[in-house]
Protein chains: 2
Amino acid sequence: MTDEPRAWQVVLEAIERDLLDGRLRPGDHLPGERALSADLGVGRSSVREALRVLEVLGLIRTSTGSGPNSGAIIVALPGGGMSALMRLQVAATGFAVEDVVKTRLVLESAVAADLAGASPRPSLAASVSLLDAMESELSAAEFLALDAEFHLTLADASGNQVITATMAGLRSSIESYARLGAASVPSWPDTAARLMREHRGIINAIESGDSASAGAAVHSHIAGYYAETNFPTHRLDDMPA
Amino acid sequence: MTDEPRAWQVVLEAIERDLLDGRLRPGDHLPGERALSADLGVGRSSVREALRVLEVLGLIRTSTGSGPNSGAIIVALPGGGMSALMRLQVAATGFAVEDVVKTRLVLESAVAADLAGASPRPSLAASVSLLDAMESELSAAEFLALDAEFHLTLADASGNQVITATMAGLRSSIESYARLGAASVPSWPDTAARLMREHRGIINAIESGDSASAGAAVHSHIAGYYAETNFPTHRLDDMPA
DNA sequence: TAAACTGTGTGGTCTGACCACACCGACGAC
DNA sequence: GTCGTCGGTGTGGTCAGACCACACAGTTTA
């Protein structure tokens with residue numbers, strides 16, 4: 001009749017309601033697990049299942065011990081949860097890699113165009129300093145890590161946390177594919193040099209205020225890399241021993 | 001030294017590895033909780049915490065009982081997890097409502113432009129039949145529900161599951177705000193009529209193959225609604241008794 | 001004064017015990 | 001033979017209780 005909700009959902013909904021009503025805010029401590037258990041009339045294990053979900057979603061941080069830094073604290077870090085979600089969805093083929101790349105294309109092009117059109121134009125100092133760091137001799141893995149960070153700084157400059165978090169998730173979900181791609185390229189130094197040129201071009205386009213060409217530069221930058229590396233649609237139909 | 005991972009992370013990582021290596025695919029059954037517990041050398045409660053995460057993320061479905069439909073089954077439904085994540089992030093003010101709306105703007109405009117430019121053009125029959133259903137007299141809540149579905153069918157027509165899932169999540173995260181907005185409008189019937197006109201306009205723009213105006217039509221459609229409804233940046237700084 | 005020690009409460013984990021449920025096979029009535 | 005019925009069995013869902021390692025705070029001690 002009443003369609004009994006599961007015990008952990010009761011906990012999750014109670015916490016969500018407290019968040020929406022402002023009884024809980026970022027930085028606040030959640031009641032202890034034993035207290036929540038008693039308050040809500042569920043077992044402690046059910047409370048823990050709900051807390052685990054919140055933790056993976058990036059909403060809380062937990063620490064052992066006592067004192068002001070212990071317990072479950074609301075943090076609301078958008079990035080972590082998005083990465084976990086997308087990584088697992090890609091792993092389970094719920095998300096096609098191709099769709100992830102296309103979505104990246106849409107979001108990053110829009111961000112670049114937006115940055116170019118904004119006034120006052122946000123500072124790109126963080127992005128530029130990353131580019132400088134990438135000039136040195138780096139392994140493919142190191143380069144890709146900085147490359148990812150560079151793209152994230154652009155999203156960050158737009159000030160839109162949703163886009164930033166989504167892009168971080170998209171990126172991390174195909175991180176392993178990007179690494180494979182780097183290994184499949186004829187000459188990595190040449191590719192890296194081209195990517196760097198394109199990065200500079202993107203920055204220039206943004207700083208010159210040319211929305212259309214900034215968006216186009218990002219688009220061809222990303223699409224070009226994935227085309228060059230012959231991106232797999234799915235991988236590993238064969239198993240290791 | 002070894003930085004012991006937490007027990008539930010061991011479970012999560014084991015399952016993710018099985019997914020990536022193809023040992024687990026959508027439709028497969030996970031081993032029973034007791035079996036996983038024994039195999040991985042962790043307690044059953046830790047296994048359950050990991051499974052709960054996977055369930056909320058939309059990766060598995062669990063059912064009690066025995067037989068082929070029982071147990072934990074890989075489903076990889078992208079929508080549910082995205083909605084939960086974004087809803088909670090908005091509730092915890094990790095995501096600003098304004099950023100959610102802007103992101104919707106970017107994604108939906110891109111989808112419309114993409115649909116208009118695609119060849120062969122995907123069928124919009126599902127979208128159109130929803131529009132027809134919306135012509136009848138409806139309450140604001142009913143209208144908004146169909147409206148949300150209409151926008152989703154457009155994303156669905158693009159065939160990009162990542163964008164579809166993301167849009168569904170964005171939408172659900174601000175669903176309550178959209179309802180509040182409908183109540184704040186001077187004349188809801190007038191607003192609804194306008195929204196319907198704009199919907200038809202979007203469909204027409206897509207079907208005429210005009211990418212630019214399709215994107216622009218979606219952009220002004222969404223931006224207009226949120227502007228008209230005087231969207232709150234945050235809400236409920238005051239509490240009920 | 002400063003260092004060591006103990007008390008206490010936290011999350012993290014495991015174990016064992018139930019429950020409701022859904023299947024499935026054996027058994028019996030017809 | 002066929003068709004109900006009726007336990008047996010294994011599943012997830014939940015709870016209770018017990019430890020542990022840890023971090024802090026207050027007290028005791030050198």
Side-chain angles (χ1 to χ4, degrees), chain A residues 1-15 18 24 27-77 80 84, chain B residues 1-15 18 24 27-77 80 84:
Chain A
M1 180 74 72
T2 44
D3 227 7
E4 291 283 350
R6 308 222 243 133
W8 59 271
Q9 288 178 326
V10 172
V11 181
L12 222 43
E13 282 159 17
I15 294 177
D18 283 351
L24 284 177
D28 287 353
H29 279 69
L30 254 55
E33 297 178 356
R34 292 160 179 87
L36 275 176
S37 165
D39 290 350
L40 301 173
V42 300
R44 192 185 160 206
S45 49
S46 299
V47 171
R48 298 199 96 252
E49 291 179 19
L51 293 185
R52 198 85 310 119
V53 168
L54 292 177
E55 181 174 350
V56 171
L57 259 36
L59 267 122
I60 65 173
R61 170 180 72 74
T62 63
S63 343
T64 63
S66 87
N69 284 337
S70 75
I73 303 179
I74 314 257
V75 290
L77 298 172
Chain B
M1 181 74 73
T2 42
D3 228 6
E4 290 283 351
R6 308 221 242 135
W8 58 272
Q9 288 179 325
V10 172
V11 181
L12 222 43
E13 283 159 16
I15 294 177
D18 283 351
L24 284 178
D28 287 354
H29 279 69
L30 252 54
E33 297 178 354
R34 294 159 178 87
L36 274 176
S37 166
D39 290 351
L40 301 172
V42 301
R44 191 184 160 206
S45 48
S46 300
V47 170
R48 298 198 96 252
E49 291 180 19
L51 293 185
R52 197 86 311 116
V53 169
L54 292 177
E55 181 175 353
V56 171
L57 259 35
L59 268 123
I60 64 174
R61 172 179 72 74
T62 63
S63 341
T64 63
S66 89
N69 284 338
S70 75
I73 303 180
I74 313 259
V75 289
L77 299 172

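Each chain gets a letter, A, B and so on, in the order its sequence line appears, and its residues count up from 1.
The closest side-chain heavy-atom distance from A:Asn69 to A:Ser63 is not below 4.5 Å. In this structure the side chain of A:Glu55 reaches within 4.5 angstrom of the side chain of B:Trp8, judged on heavy atoms. Between B:Arg6 and A:Thr62 there is a side-chain heavy-atom pair separated by less than 4.5 Å. The shortest distance between side-chain heavy atoms of B:Leu57 and A:Leu57 falls below 4.5 Å.
One atom, CZ of B:Arg6, and another, P of C:dT13, lie 6 Å apart when rounded to the nearest Å. Put simply, CH2 on B:Trp8 is 15 Å from P on C:dG11, counting in whole angstrom units. Taking atom CG of B:Leu40 as the reference point, atom C1' of C:dT13 lies 15 Å away to the nearest angstrom. Taking atom CG on B:Leu51 and atom P on D:dT14, their separation rounds to 13 Å, with Å as the unit. The distance between atom CD1 of B:Ile73 and atom P of D:dG12, rounded to the nearest whole Å, is 10 Å. Atoms CG (B:Asn69) and C1' (D:dT11) sit 12 Å apart, rounded to a whole Å. In this structure, B:Glu33 places its CD atom 12 Å from C1' of D:dG10, rounding to the nearest Å. Atom CG of A:Leu36 and atom C1' of D:dT14 are 17 Å apart (whole Å).
Between A:Thr62 and C:dG12, a side-chain N or O to OP1/OP2 separation shorter than 4.0 Å is present. Side-chain nitrogen and oxygen atoms of B:Ser46 include at least one within less than 4.0 Å of the OP1 or OP2 phosphate oxygen of C:dC14. In this structure, B:Arg48 reaches the D:dG13 phosphate: one of its side-chain N or O atoms is under 4.0 Å from OP1 or OP2.
A side-chain donor-acceptor contact under 3.5 Å links A:Ser37 to the backbone of A:Val42.
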Under 3.5 Å, which N/O atoms of the protein pair with N/O atoms of nucleotides 17-21 of chain C?
residue	atom	partner	partner atom	Å
C:dA17	N6	B:Arg44	NH1	3.2

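Over its length, the helix from C:dT1-D:dA30 to C:dC30-D:dG1 turns its helix axis by 20°, as judged from the five terminal pairs at each end, rounded to 10°.
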- Test B:Asp18 against B:Ile15 for side-chain contact (heavy atoms from CB on, under 4.5 Å), laying out the working first. CA-CA 5 Å; B:Asp18 283 351; B:Ile15 294 177; 5.5 Å; no
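B:Glu33 CD to B:Ser46 OG: the interatomic distance, rounded to the nearest 0.5 Å, is 11.5 Å. Atoms CZ and CD1, on A:Arg61 and A:Ile74 in that order, are 11.5 Å from each other to the nearest 0.5 Å. Between atom CD1 of residue A:Ile60 and atom CG of residue A:Leu30 there is a gap of 6.0 Å, rounded to the nearest 0.5 Å.
Counting any heavy atom pair closer than 4.0 Å across all strands shown, B:Ser63 reaches sugar-phosphate atoms only and no base atom. Residue contacts shown for B:Arg61 are absent, as no nucleic acid heavy atom lies under 4.0 Å away.
If A:Ala72 and B:Val47 are placed on DNA chain C by their nearest nucleotide, the residue sitting closer to the 5' end is A:Ala72. For A:Ser37 and B:Glu55, each mapped to the nucleotide of DNA chain D holding its nearest heavy atom, the one lying further toward the 5' end belongs to B:Glu55.
When the nucleotides C:dT13, C:dC23, D:dC15 are ranked by their closest atom to the side chain of B:Pro68, C:dC23 comes out on top.
For the residue pair B:Leu12 and B:Val53, the shortest heavy atom distance occurs at CD2-CG1, 4.2 Å.
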